[in-house]
Amino acid sequence: QLAFASKKAKDATAVAEGTDGLTKPLADLMGNWDTFSFAPIRESTVSRAMTRRYFADLDAHAETDIVIIGAGSCGLSAAYTLGTLRPDLRITMIEAGVAPGGGAWLGGQLLSAMVMRKPADAFLREVGVPFDDEGDHVVVKHAALFTSTVLARVLAMDNVKLFNATAVEDLITRPMEEGEGEKGGVRIAGVVTNWTLVSMHHDDQSCMDPNTVNAPVVISTTGHDGPFGAFSVKRLVSMKQLEQLQGMRGLDMQRAEDAIVKNTREIVPGLIVGGMELSEIDGANRMGPTFGAMALSGVKAAEEAIRVFDL
Ligand code: AHZ
């Protein structure tokens, strides 16, 4: 204990001297709190700093290369892969929640650790998420470590913009061109968006018309059916592009994860579906708290998106 206490004291001195892994500017601040003051600012400067950037982003992303709907574990993995492989593409992520991450802030129930079956450890290595190797599977000590690391890597990319608290309310469609598919079929040409609070209040406020984002490729990863989930596939049924949804089946970890990765694909021209949203189309099992399929379905969705984009 004594040894530990004296190490802490030594560390504190080292920090003040800026020699303990902290940057010199931060170390210089420490111990000077009595004379401390922030640089001056006017409130309007803060407003303009935010509004100028947000509206410039809305302007730039009104025409984009790829839209990803949903920033859960699958959507984030798709964004990481796409953003890394194709820095030339403009990638627009739209997430209904204020907090991106979907169900991946906990490993399962209220438990922290996140399990991934091999070979999904390749994705963790790529992104730089540490894990315990347990043989056939690996364990990240906290799901939030996975989500925050992938999120940080994605948000740092110049070619990715995340619009959170923004819901996709509809899909933009065009009639399929000849030879593209069956008569009456559509291709997806973008998404219709609104701020989530607006979307949630269409019934008790007068309808506020939405905004649009044009894109030749959309990846939908909105999770299984729920208050917000399975958005695009449900819309495909209501616009008669899919006959019906098979509905997600009961839990079978072994089958579910393989099926989700294998079935990640373009469902109608221009729309790729990944993650648990897929289980609703195909009647695939759920896997419960194992996340390898979400990461690798995201990787496959990104690969598919590049293929479709390059056609
Ligand atoms: O907020 C949703 C979440 O963050 C978002 N989303 C849904 N509808 C949207 C819409 N517009 C914009 N209309 C929307 N965003 O999509 C995200 C979905 O994340 P998720 O974690 O629910 O789905 P996922 O497929 O990435 O991961 C599924 C994780 C699961 S569920 C499960 C089981 O039930 O057995 N097992 C696993 C591993």
Side-chain angles (χ1 to χ4, degrees), residues 68-78 81 95-97 101-121 123 134 136-140 143 146-147 167-168 171 181-182 185 188 218-269 271-305:
I68 300 175
I69 316 174
S73 45
C74 182
L76 286 172
S77 304
T81 310
E95 166 52 50
W105 290 110
L106 288 162
Q109 199 167 306
L110 293 177
L111 311 175
S112 317
M114 174 186 262
V115 175
M116 283 201 189
R117 293 157 64 203
K118 290 183 178 177
D121 56 316
F123 186 75
E134 305 270 341
D136 284 339
H137 67 276
V138 300
V139 184
V140 180
F146 167 81
T147 300
V168 170
L171 302 170
E182 279 176 32
I188 304 306
V218 173
I219 300 177
S220 190
T221 63
T222 67
H224 59 68
D225 202 0
F228 263 116
F231 173 79
S232 300
V233 299
K234 285 195 289 192
R235 189 67 184 103
L236 288 181
V237 174
S238 62
M239 60 168 100
K240 311 227 178 309
Q241 298 302 307
L242 274 180
E243 204 169 306
Q244 63 173 46
L245 297 181
Q246 302 299 318
M248 182 181 73
R249 302 289 157 83
L251 194 151
D252 182 340
M253 278 185 193
Q254 192 67 32
R255 286 180 178 74
E257 292 212 283
D258 292 358
I260 291 293
V261 177
K262 279 188 191 144
N263 291 338
T264 298
R265 65 193 187 279
E266 190 181 23
I267 302 294
V268 299
L271 181 76
I272 292 150
V273 178
M276 281 309 282
E277 181 167 0
L278 258 181
S279 68
E280 301 288 353
I281 306 182
D282 299 323
N285 296 101
R286 71 194 302 179
M287 70 289 295
T290 50
F291 284 82
M294 296 304 115
L296 296 189
S297 170
V299 173
K300 190 174 175 203
E303 211 175 82
E304 278 286 283

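Predicted model, so just to flag it, every value in this text is computed and none were measured.
Legend: residues meeting salt bridge (Lys or Arg N to Asp or Glu O under 4.0 Å) with Arg255, ordered by chain and number and at least two apart, are Asp252. In terms of the salt bridge (Lys or Arg N to Asp or Glu O under 4.0 Å) criterion, Arg249 has no residue partners (sequence neighbours excluded). For Thr264, the side chain to side chain donor-acceptor pair (under 3.5 Å) test picks out Ser297, with sequence neighbours left out. Remark: Thr81 pairs with no residue by the side chain to side chain donor-acceptor pair (under 3.5 Å) rule, at least two apart or across chains.
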message: Apply side-chain contact (heavy atoms from CB on, under 4.5 Å) to residues Asp136 and Lys118 and explain how you reach the verdict.
response: CA-CA 6 Å; Asp136 284 339; Lys118 290 183 178 177; 5.8 Å; no
- request: For the pair Phe123 and Phe291, evaluate side-chain contact (heavy atoms from CB on, under 4.5 Å) and give the outcome as yes or no after the intermediate values.
  value: CA-CA 11 Å; Phe123 186 75; Phe291 284 82; over 6 Å; no
message: One pair to check against side-chain contact (heavy atoms from CB on, under 4.5 Å): Leu236 and Ile267. What are the steps and the verdict?
response: CA-CA 9 Å; Leu236 288 181; Ile267 302 294; 3.8 Å; yes
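Summarising the geometry, atom CG belonging to Leu278 is positioned 11.0 Å from atom OG belonging to Ser232; distances are rounded to the nearest 0.5 Å. A distance of 11.0 Å separates CD in Glu266 from CD1 in Ile219, rounded to the nearest 0.5 Å. The distance from atom CD1 of Ile68 to atom OG1 of Thr222, rounded to the nearest 0.5 Å, is 13.0 Å. A distance of 8.5 Å separates OG1 of Thr221 from CD of Glu95, quoted to the nearest 0.5 Å.
Of the possible donor and acceptor atoms, none in the side chain of Asn285 sits under 3.5 Å from a partner among the backbone N and O of Leu251. Judged purely by atom type and a 3.5 angstrom limit, Thr147 uses its side chain to pair as donor or acceptor with the backbone of Ala104.
Between Met253 and Pro289, the shortest heavy-atom contact is CE-CD, 3.9 Å. Glu277 and Ser220 make their closest contact through OE1-OG, 2.7 Å (heavy atoms, listed as atom of the first residue, atom of the second, distance). Nearest heavy-atom pair across Gly185 and Gln241 is CA-OE1, 3.4 Å. The minimum heavy-atom distance linking Glu280 with Met248 is given by the pair OE1-N, 3.2 Å. Annotation for Ala284 and Ile260: closest pair CB-CD1, 4.4 Å, computed over non-hydrogen atoms. Nearest heavy atoms, Cys74 versus Gly275: SG-N, 3.3 Å.
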Only pairs under 3.5 Å count here: list side-chain donor-acceptor contacts from residues 106-116, not counting sequence neighbours, and write none if there are none.
none

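Ion pair Asp282/Arg265 flagged as a salt bridge, since at least one NZ, NE, NH1 or NH2 atom sits closer than 4.0 Å to an Asp/Glu carboxylate oxygen.
Among residues at least two apart or in separate chains, salt bridge (charged side-chain N to carboxylate O under 4.0 Å, His left out) pairs with a member in residues 224-235 are Asp170-Arg235, Asp225-Lys234.
In this structure, Leu171 and Met239 have side chains that are in contact, with non-hydrogen atoms separated by less than 4.5 Å. Residues Gln254 and Arg117 form a side-chain contact, since some pair of their non-hydrogen atoms from C-beta on lies under 4.5 Å apart.
When the options Val168, Ile272, Ile69, Val268 are evaluated for a side chain to side chain contact (heavy atoms under 4.5 Å, CB included) with Val218, the one that passes is Ile69.
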